[in-house]
Amino acid sequence: MSYISEIFQRSNIENVRDFLLYGSDGADHCSKSYIERLNLAYENIHKVVCESSKVMDNEEIVNKIMDEVCLVEKVHMEIGLQCGFKLALQFVGENINLKE
């Protein structure tokens with residue numbers, strides 16, 4: 001396989017995400033859907049809160065955590081959209097040819 005083919009093979013959203021966030025391509029790609037990953041994260045938070053909380057109502061704590069997560073999600077979505085638009089403008093501006 002040529003190095004150009006390897007580049008196209010690595011060109012997927014997970015690798016772009018990992019490179020932009022961590023400066024490397026990640027090896028921990030998840031085959032689960034977005035909904036499955038979100039539900040798993042929610043279940044993990046809920047489990048930890050239920051096991052460790054004795055003061056506040058568990059649902060109130062989980063709701064506060066999810067409010068924070070939603071805020072972070074919105075900020076990251078805005079950043080992601082801006083990065084996507086910037087990349088798209090570069091592709092259009094440079095008239096990139098994606099053939100090997």
Side-chain angles (χ1 to χ4, degrees):
M1 177 182 301
S2 74
Y3 76 94
I4 296 172
S5 296
E6 291 176 18
I7 291 170
F8 284 117
Q9 188 175 23
R10 289 191 312 260
S11 64
N12 61 54
I13 194 70
E14 290 90 4
N15 285 341
V16 172
R17 176 204 63 207
D18 290 342
F19 179 76
L20 292 174
L21 290 176
Y22 310 117
S24 65
D25 70 351
D28 62 337
H29 297 297
C30 183
S31 60
K32 295 180 180 176
S33 71
Y34 294 133
I35 297 296
E36 289 172 324
R37 287 187 276 170
L38 291 171
N39 286 341
L40 181 60
Y42 180 83
E43 290 168 7
N44 288 338
I45 290 170
H46 197 273
K47 181 181 176 185
V48 168
V49 167
C50 289
E51 290 174 355
S52 62
S53 172
K54 304 296 180 213
V55 179
M56 294 176 71
D57 177 44
N58 292 338
E59 288 302 315
E60 183 181 354
I61 295 170
V62 170
N63 287 338
K64 289 185 182 298
I65 292 170
M66 295 310 290
D67 288 344
E68 180 67 21
V69 169
C70 288
L71 177 63
V72 171
E73 176 185 43
K74 288 176 185 178
V75 169
H76 286 181
M77 176 59 80
E78 291 173 21
I79 292 168
L81 287 171
Q82 290 182 41
C83 289
F85 288 133
K86 182 178 179 181
L87 290 170
L89 288 172
Q90 288 176 359
F91 288 146
V92 170
E94 296 175 10
N95 195 16
I96 292 178
N97 184 358
L98 295 178
K99 295 182 182 176
E100 277 190 50

| field | Connected via hydrophobic side-chain network under 4.5 Å: Ile61 and Tyr42 | value | yes
Requested in this report: Count the heavy atoms belonging to other residues, nucleotides or ligands that lie under 6.0 Å from CD1 of Ile35, then report whether that count exceeds 12.
Outcome: no
Residue set satisfying side-chain contact (heavy atoms from CB on, under 4.5 Å) with Val72, at least two apart, ordered chain then number -> Glu68, His76
Contacts of Leu40 meeting side-chain contact (heavy atoms from CB on, under 4.5 Å) (sequence neighbours excluded), chain-then-number -> Lys32, Glu43, Asn44
- Task: Indicate, with yes or no, if Phe85 and Met77 share a hydrophobic cluster defined by side-chain heavy-atom contacts under 4.5 Å among Ile, Leu, Val, Met, Phe, Trp and Tyr.
- Result: yes
| query | Mind checking whether Ile45 and Leu38 sit in one hydrophobic cluster, side chains of I, L, V, M, F, W, Y counted as touching below 4.5 Å? | reply | no
